[in-house]
Number of protein chains: 2
Amino acid sequence: MSGDTLRIDRSAKTLRTLALERMREAIMGFHFQPGERLVERPLCDQLGVSRSVVREVLRQLEAEGLVQMIPGHGPAVAKPDLGRTDEIYELRALLEGIAARACALTATDAQIASLDAALTNLLEAWASGAPVEVMRATTKFYETLFEAADKRIAWEIVTGLNVRINQLRSMTIASENRREPAIAEMTEIMDAIRSRKPDEAEEAARRHVESAWQIARNTLRLG
Amino acid sequence: MSGDTLRIDRSAKTLRTLALERMREAIMGFHFQPGERLVERPLCDQLGVSRSVVREVLRQLEAEGLVQMIPGHGPAVAKPDLGRTDEIYELRALLEGIAARACALTATDAQIASLDAALTNLLEAWASGAPVEVMRATTKFYETLFEAADKRIAWEIVTGLNVRINQLRSMTIASENRREPAIAEMTEIMDAIRSRKPDEAEEAARRHVESAWQIARNTLRLG
DNA sequence: CATCATCTTATGGTATACCATACTATGGAG
DNA sequence: CTCCATAGTATGGTATACCATAAGATGATG
């Protein structure tokens, strides 16, 4: 990691907020490698802010699970918790399942229209072939889903879980032959919601997570 | 809030860690009222540490959901999110349910013995009649349960959820006639786990949360 | 040549100083 | 008497200085 591509300039929001977002994006976008040390003073130079700001940002990222404090060595980019991936996928299946169910039960027509739009966007992202776009559109789709299901807390939790398996997720999406199944699964979720079938919606959502889980397992087994 | 009962002295861990724990306890123990402003400089005086420490602690507490930043006014003790209590109890029922199930399926005899011990402790706490003791023992019991179920992430999530309804929880425990039903429900969970009946364990755990939920609803309706 | 001790430096922890801004109180004008 | 303007103060945002400690390098001694 070098250069000053991270440098922020002060304008609207607080420096801290800007720095936080910049760092979060940088870590999630793999501009830092998992396990890479985040030495405070170099970070100050790269971001162009003082240590106070950097340290507060690191505390926040630590609480979010993106940064780990290594005793005696300070902060480092959190390494994905491979021993916990099963639990994480299990929880995602559970949570996305209940959200899809609630959505099928209570979403307004307008909300379903938003979901449709988000799905269209997701299909376009798959067509574009850029994994980062697919990931963003997927996130957006689920955000809309949880919003329509009125499960704000559950959404926060899922977001937190995804942070921990960010690397795995991007590998899953980039894996060969993921496109068609993923599109089919998402379409099933959408269809079940549209036709107001809660059981089917929950099942479809769980299946989708479980199929991603399967791929993640394979990825881990290989290397 | 006044006096210097919070003052920390530097010894083993970092000042920041100590201050963090002290503040977390103070908020969870209602030494600060929900909504109360947490002005930085007075906090420095009360804790006996510098603003750097206080600010980093506040960032961490903010990320944990115990502190909210009010735009233009700085930090304040987070007010319970009354509009989200239903969702929180729903999630707790879900998570504690799967933990109890997994525990019934996979816990070792030693782990079940630990659970038994934690339950005994909980019964003693109920006998003592001190709500704060009951809450601590309850937390300990569930921590043991999730540990035995090997659901570390789920436990972190439950802990985070409980932070948001801390106030409500303490009122629930302190409510009249809660003691006997609570003891009965916990005993059912324990019995189901001991006799390795996953379905019953999950059901019992859900019932326990739902009965607390019911009381919380009543509490909210009244006051 | 290996090993240990010591010195240097890198790093995080803590405190403080300074600045910009937003709230508040007070006084004057209408 | 009321309302607005202005000054003062409280508060958070940012930067920097200082200190303790732990890691790493270098040299001396066996």
Side-chain angles (χ1 to χ4, degrees), chain A residues 1-2 4 6-24 26-27 32-33 35-64 66-79, chain B residues 1-2 4 6-24 26-27 32-33 35-64 66-79:
Chain A
M1 190 76 205
S2 72
D4 51 8
L6 296 178
R7 167 165 270 104
I8 73 165
D9 75 356
R10 53 217 313 173
S11 51
K13 294 176 279 190
T14 67
L15 266 185
R16 193 165 45 77
T17 310
L18 291 171
L20 176 65
E21 288 168 5
R22 202 58 67 88
M23 282 299 296
R24 198 188 284 128
I27 293 176
F32 296 104
Q33 293 308 308
E36 185 173 342
R37 295 271 309 272
L38 295 171
V39 184
E40 296 183 355
R41 268 168 264 244
L43 264 186
C44 296
D45 298 339
Q46 289 179 272
L47 291 164
V49 298
S50 75
R51 274 185 74 207
S52 321
V53 173
V54 166
R55 285 180 62 89
E56 288 180 35
V57 164
L58 287 174
R59 287 282 122 9
Q60 202 133 344
L61 292 172
E62 183 190 359
E64 288 176 20
L66 281 150
V67 162
Q68 285 175 327
M69 297 301 291
I70 304 174
H73 286 80
V77 178
K79 279 191 280 201
Chain B
M1 196 73 206
S2 72
D4 51 6
L6 294 180
R7 168 166 269 103
I8 73 167
D9 75 357
R10 55 216 312 172
S11 50
K13 295 175 279 191
T14 67
L15 266 186
R16 194 165 45 76
T17 309
L18 292 170
L20 177 65
E21 288 168 6
R22 202 60 67 88
M23 282 299 295
R24 197 188 284 128
I27 293 175
F32 295 105
Q33 292 308 306
E36 185 174 342
R37 294 273 308 273
L38 294 172
V39 183
E40 294 182 358
R41 266 169 265 244
L43 264 186
C44 297
D45 298 340
Q46 290 180 270
L47 291 164
V49 299
S50 75
R51 274 186 73 209
S52 320
V53 174
V54 165
R55 285 179 62 90
E56 288 180 34
V57 165
L58 287 173
R59 288 283 125 355
Q60 201 133 347
L61 292 172
E62 182 190 0
E64 289 177 18
L66 280 151
V67 162
Q68 286 174 326
M69 297 300 292
I70 305 173
H73 285 81
V77 178
K79 280 190 278 199

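Order of the sequence lines sets the chain letters (A, B, ...), proteins ahead of strands, with each chain counted from 1.
Checking the phosphate oxygens (OP1, OP2) of C/dA15, a side-chain nitrogen or oxygen of B/Ser50 falls inside 4.0 Å.
No side-chain heavy atom of B/Gln60 sits less than 4.5 Å from a side-chain heavy atom of B/Met23.
Between A/Ala76 and A/Gly35, the shortest heavy-atom distance links the atoms CB-O, 3.9 Å. Of all heavy-atom pairs spanning B/Arg37 and B/His73, the tightest one is NH2-O, 2.9 Å. What you find for A/Arg16 and A/Val53 is that their closest heavy atoms are CA-CG1, 3.8 Å.
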(request) For the pair B/Val57 and B/Arg22, evaluate side chain to side chain contact (heavy atoms under 4.5 Å, CB included) and give the outcome as yes or no after the intermediate values. (result) CA-CA 10 Å; B/Val57 165; B/Arg22 202 60 67 88; over 6 Å; no
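What separates CD1 of B/Ile70 from P of D/dT11 is a distance of 13 Å, to the nearest Å.
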Under 3.5 Å, which protein N or O atoms sit close to an N or O of nucleotides 9-13 of chain C? Give each pair with its distance.
residue, atom, partner, partner atom, Å
C/dG12, OP2, A/Glu40, N, 3.2
C/dG12, N7, A/Arg41, NH2, 2.4
C/dG12, O6, A/Arg41, NH2, 3.1
C/dG13, OP2, A/Arg55, NH1, 2.6
C/dG13, OP2, A/Arg55, NH2, 2.9
C/dG13, N7, A/Arg51, NH2, 3.0
C/dG13, O6, A/Arg51, NH1, 2.8

